[in-house]
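By convention in this document, chain letters (A, B, ...) are assigned in the order of the sequence lines, proteins followed by strands, and residues within each chain are numbered from 1. Atoms considered below: every heavy atom in the structure, side chains included; atoms not considered: hydrogens, waters and symmetry mates.
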Protein chains: 2
Amino acid sequence: MSRIDPTGKLPPYRQVAEIIAGQIRDGRLRKGERIPSESELIEKYEVSRSTVRRTVAYLRDQGLVETVPTRGTYVL
Amino acid sequence: MSRIDPTGKLPPYRQVAEIIAGQIRDGRLRKGERIPSESELIEKYEVSRSTVRRTVAYLRDQGLVETVPTRGTYVL
DNA sequence: GTGTATTTGTTCGTATGTATC
DNA sequence: CGATACATACGAACAAATACA
């Protein structure tokens with residue numbers, strides 16, 4: 001379990017983003033694959049939905065993923 | 001684009017409030033109508049959410065609008 | 001077909017920490 | 001010190017579209 005550190009240099013939403021970005025880079029998450037849903041990320045990293053949504057928004061801004069409403073977010 | 005002036009006499013939250021109050025007074029925003037969401041105001045006037053929330057709180061205090069949780073803020 | 005669960009979208013409420021003037 | 005402003009975070013409620021039994 002890759003728990004985040006609330007006292008780290010990076011804010012929680014960035015820490016979660018870096019974990020997912022790392023998984024995309026090293027192939028654990030591949031192109032076309034769906035990343036965990038908001039609910040799953042909330043449970044996995046023990047953060048709020050607001051934080052998870054910020055995380056995904058950041059990944060979208062980085063051009064790493066694409067979100068399809070009612071479907072999920074997919075690796076680009 | 002009605003940008004605000006960060007160096008103006010009035011603080012940003014008041015400048016935004018005056019713009020909206022003006023729109024209510026001259027009828028561009030009518031009774032019962034919803035004013036733009038926090039997110040929209042943030043983008044439109046390029047201020048933070050806190051500022052936007054202060055703006056709306058101010059308009060509420062002035063008796064110009066009414067905020068309904070999870071719905072929006074409406075002209076009174 | 002119908003209803004339920006899932007998933008993302010959107011909105012407001014509240015709190016804390018930091019920085020500036 | 002107080003007021004202002006921003007960034008971050010958590011919570012809560014509802015809508016809309018899709019998936020599925």
Check: Who passes salt bridge (Lys or Arg N to Asp or Glu O under 4.0 Å) against B/E40, sequence neighbours left out?
Finding: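 So B/E40 forms a salt bridge (Lys or Arg N to Asp or Glu O under 4.0 Å) with B/R34.
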In whole angstrom, give the distance that lies between atom [atom1] of [X] and atom [atom2] of [N].
| X | N | atom1 | atom2 | answer |
| --- | --- | --- | --- | --- |
| A/E40 | C/dA5 | CD | P | 17 Å |
| B/E38 | C/dG9 | CD | P | 18 Å |
| A/I42 | D/dC10 | CD1 | P | 10 Å |
| B/I35 | C/dC12 | CD1 | C1' | 12 Å |
| A/K9 | D/dT8 | NZ | P | 17 Å |
| B/L41 | D/dA5 | CG | C1' | 16 Å |
| A/R54 | D/dG11 | CZ | C1' | 15 Å |
| B/R53 | D/dT8 | CZ | P | 18 Å |

Next item on the list: Looking at every strand, decide which applies to B/R14 at a 4.0 Å heavy-atom threshold: base, sugar-phosphate, or nothing.
Entry: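 If one applies the 4.0 Å heavy-atom cut-off, B/R14 turns out to touch nothing in the nucleic acid.
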Notebook entry, point to check: For A/T67, which contact category applies under a 4.0 Å heavy-atom criterion: base, sugar-phosphate, or nothing?
Noted result: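 Touches sugar-phosphate only.
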Write down the protein N/O and nucleotide N/O pairs, taken from nucleotides 1-3 of chain C, whose separation is under 3.5 Å; answer none if there are no such pairs.
none

Note to self: Output one letter per nucleotide in nucleotides 13-21 of chain D: B when a protein non-hydrogen atom lies under 4.0 Å from the base, S when only the sugar-phosphate is that close, - when neither is.
What the structure shows: B---BSS--
Item checked: Lys/Arg N to Asp/Glu carboxylate O, A/R53 vs A/E38, below 4.0 Å ->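 Between A/E38 and A/R53 there is a salt bridge, with a charged N closer than 4.0 Å to a carboxylate O.
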Next item on the list: Report yes if some heavy atom in the side chain of B/L59 is under 4.5 Å from a heavy atom in the side chain of B/I20; otherwise report no.
Entry: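 Yes. Closest side-chain heavy atoms under 4.5 Å.
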Item checked: Angle of first-five versus last-five pair axes in the helix from C/dT2-D/dA21 to C/dC21-D/dG2, to 10 degrees ->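 End-to-end axis angle: 10°.
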Margin query: On DNA chain D, does the nearest nucleotide to B/V52 precede the nearest nucleotide to A/Y13 from the 5' side, or the other way round? Give the residue.
Written below: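 Nearest-nucleotide comparison on DNA chain D picks B/V52.
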N/O to N/O distances under 3.5 Å, protein versus nucleotides 16-21 of chain C:
none

Check: Contacts to DNA chain D from residues 55-63 of chain B, heavy-atom cutoff under 4.0 Å, which residues?
Finding: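 Close to the strand, none.
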